[in-house]
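Here is the structure we will look at.
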Amino acid sequence: MKILVTGGAGFIGSNFVHMAIKAGHVVINVDALTYAGNIESLKAIEENPSHIFCHGDIADKNLISDLLSQHTPEAVVNFAAESHVDRSIDGPAAFIQTNVVGTLNLLECVRDYWRALESGRQENFRFLHVSTDEVYGSLGETGSFTEQTAFAPNSPYAASKAASDHLVRAFHHTYGLPTLTTNCSNNYGPNQFPEKLIPLVIQKALSGAPLPIYGDGRNIRDWLYVSDHCTAIVKVLEAGRAGETYNVGGDAERENIVVVKAICSTLDSRRPRSDGKSYAEQIVFVKDRPGHDRRYAIDATKIKTELGWRPTVDFEQGIELTIQWYLDHQDWVQHVLDGSYRLERIGQGALA
Ligand code: NAD
């Protein structure tokens with residue numbers, strides 16, 4: 001398959017691009033290389049003729065239309081986004097620009113391209129939009145999000161993703177575009193920008209800095225190892241029903257404090273502190289994130305029963321793999337940190 005991927009220099013996108021190329025697909029990868037995009041994550045496929053990289057913005061109509069007509073892909077997978085909740089608290093406008101305006105532009109270009117395809121190719125074409133469980137808002141102590149749960153986004157990030165999901169839905173219903181949407185829980189694994197909880201804690205621990213836990217540390221997320229998310233996307237792309245949405249989750253609900261302690265104990269055995277103490281001694285509780293959602297949990301029954309997908313990496317295994325990757329790729333981390341981000345706290349908004 002020839003796939004146009006957007007945001008393929010980011011965390012999940014780069015993992016997906018590697019997987020797709022290994023599986024024999026051709027990938028046209030368009031990425032704006034924002035602070036979160038890192039071409040170094042694609043180094044191993046730099047010279048691979050199955051990977052065509054294009055530095056550009058999904059909001060650029062001419063560029064996207066040209067890429068579609070030049071490469072004639074059978075599918076488009078949209079990862080490109082502003083993705084960090086804390087940044088959306090400090091500056092929501094960038095999230096509206098890429099996640100809403102950019103996605104709308106992409107949809108319009110893809111619709112026009114798809115309409116002009118000959119009939120067999122038109123039926124087989126798919127537009128897959130990668131989204132988040134954060135569109136559903138926050139849960140109490142019980143229950144989980146299904147595809148029927150009403151949207152109730154609480155952060156500017158979640159609101160911008162919910163808007164993009166609605167646009168995707170509308171393009172299917174209004175124009176018949178064969179769309180698919182995946183709403184996935186928190187991902188972790190190689191190539192994640194170290195502003196997100198797991199790589200942030202690994203880096204701060206190694207540098208001897210305090211490990212900040214928002215609020216009481218008891219907010220719960222459902223964690224999914226990134227390669228399992230990528231296989232879910234492949235399954236949905238290959239066999240998902242056009243117009244449908246699929247929830248994707250890892251059956252791995254953990255309180256933030258439990259995640260941080262797990263990182264500390266793995267580091268204690270793999271890279272012990274020189275003073276012999278535990279990294280857990282660096283944990284500090286800090287003021288909570290404004291509007292911090294308490295709990296997310298995914299009911300992934302639909303993708304499991306309809307498409308036979310299952311997560312294969314459990315949390316304990318995944319956290320070990322992730323920590324080892326960061327220990328082995330400190331040069332990658334240093335290069336991404338050469339930019340403006342310096343592991344500082346952002347996103348306190350009016351509480352700052
Ligand atoms: P990321 O921030 O690591 O990567 C985003 C990529 O998009 C970067 O390479 C960036 O350069 C690129 N980009 C940003 N604006 C662009 C634009 N206007 N045009 C082209 N490229 C642009 O994000 P991620 O964590 O890999 O997330 C990828 C997608 O998956 C996002 O849509 C996100 O909402 C969704 N998602 C993420 C998670 C998670 O836990 N990380 C969970 C569920 C869903």
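Counting starts at 1 for both ligands and their atoms, in listed order.
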Looking only at protein heavy atoms, which one is nearest to atom 41 (N) of ligand 1, and what is the separation? I12 CD1, 3.7 Å
What do you reckon, does D57 have a nitrogen or oxygen under 3.5 Å from a nitrogen or oxygen of ligand 1? yes
Flag, side chain of N154 to backbone of G291, donor-acceptor distance under 3.5 Å: no
Checking contacts here: is it the side chain or the backbone of H84 that comes within 4.0 Å of ligand 1, counting heavy atoms only? Could be both or neither. neither
Only heavy atoms of N186, strictly under 4.0 Å: list the atoms of ligand 1 that pass. 40 (O)
Can an N or O of H229 be found at a distance shorter than 3.5 Å from an N or O of ligand 1? no
Mind checking whether G8 has a heavy atom under 4.0 Å from ligand 1? no
Cation over ring face, R271 and Y279, 6.0 Å, 45°: no
Around atom 19 (N) of ligand 1, find the nearest protein heavy atom and jot down its residue, atom name and distance. I58 N, 3.0 Å
Say whether A59, considering both its backbone and side-chain N or O atoms, lies within less than 3.5 Å of an N or O atom on ligand 1. no
At a non-hydrogen distance cut-off of under 4.0 Å, which region of N78 contacts ligand 1 (side chain, backbone, both, or neither)? neither
Quick check: does T98 get an N/O under 3.5 Å from an N/O on ligand 1? yes
Looking at A81, which atoms of ligand 1 are within less than 4.0 Å of one of its heavy atoms? 5 (C), 7 (O), 14 (C), 31 (C), 32 (O)
For ligand 1, is there an N or O atom under 3.5 Å from any N or O atom of Q192? no
Does at least one non-hydrogen atom of G102 fall below 4.0 angstrom from an atom of ligand 1? no
Using a cut-off of 6.0 Å, state whether more than 12 heavy atoms not belonging to K277 lie near its atom NZ. no
Quick check: does A80 get an N/O under 3.5 Å from an N/O on ligand 1? no
State whether the side chain of N256 and the backbone N or O of G217 hold a donor-acceptor pair below 3.5 Å, judged by distance alone. no
Check this for me: K2, atom NZ, are more than 12 non-hydrogen atoms of other residues, nucleotides or ligands nearer than 6.0 Å? yes
Would you please say whether a donor-acceptor pair under 3.5 Å links the side chains of Y188 and R221? no
Check: N38 N/O within less than 3.5 Å of ligand 1 N/O: no
Report yes if some N/O of C184 lies less than 3.5 Å from some N/O of ligand 1; otherwise report no. no
Contact list for residues 9-25, test side chain to side chain donor-acceptor pair (under 3.5 Å), sequence neighbours left out: S14-N191
Below 4.0 angstrom from a heavy atom of S185, which ligand 1 atoms are there? Numbered from 1 as shown, please. 42 (C), 43 (C)
Which word best sums up how the rings of W325 and H329 line up, parallel for under 30°, tilted for 30 to 60°, or perpendicular for over 60°? parallel
Quick one: do the T231 and W309 side chains pair a donor with an acceptor below 3.5 Å? yes
Below 30° counts as parallel, above 60° as perpendicular, anything between as tilted: where do the rings of Y113 and F125 land? perpendicular
Give the residue, atom name and distance (to 0.1 Å) of the protein heavy atom nearest atom 9 (O) of ligand 1. D31 OD2, 2.6 Å
Charged tip of R289 within 45° of Y214 ring normal and under 6.0 Å: no
I'd like to know whether ligand 1 has S14 as a neighbour, heavy-atom separation below 4.0 Å. no
Considering non-hydrogen atoms of the protein only, which is the closest contact for atom 3 (O) of ligand 1, and what is the distance? F11 N, 3.0 Å
More than 12 non-hydrogen atoms from neighbouring residues, nucleotides or ligands closer than 6.0 Å to CZ on R111, yes or no? yes
Is there a polar contact between ligand 1 and S83, counting only N or O atoms under 3.5 Å apart? yes
Nearest protein heavy atom to atom 21 (N) of ligand 1, by residue and atom, and its distance? A32 N, 3.0 Å
Nearest neighbour in protein (non-hydrogen) for atom 40 (O) of ligand 1: N187 N, 2.8 Å
Exam field: side chain E134 to backbone Y157, donor-acceptor pair closer than 3.5 Å: no
For F79, the ligand 1 atoms whose distance to one of its heavy atoms is below 4.0 Å: 28 (C), 29 (C), 31 (C), 32 (O)
Check whether the side chains of R115 and Q122 place a donor and an acceptor atom closer than 3.5 Å, and report yes or no. no
Report yes if Y157 has an N/O atom closer than 3.5 Å to an N/O atom of ligand 1; otherwise report no. yes
Main chain of S185, side chain of N187: is a donor-acceptor contact present, judged purely on distance under 3.5 Å? yes
Taking only non-hydrogen atoms of T34 and a 4.0 Å limit, the atoms of ligand 1 in range are 10 (C), 11 (O), 14 (C), 15 (N)
A80 backbone acceptor or donor facing T6 side chain under 3.5 Å: yes
Identity and distance of the protein heavy atom lying nearest atom 30 (O) of ligand 1: V130 CG1, 3.5 Å
Name the closest protein heavy atom to atom 4 (O) of ligand 1, giving the residue it belongs to and the distance to 0.1 Å. G10 CA, 3.4 Å
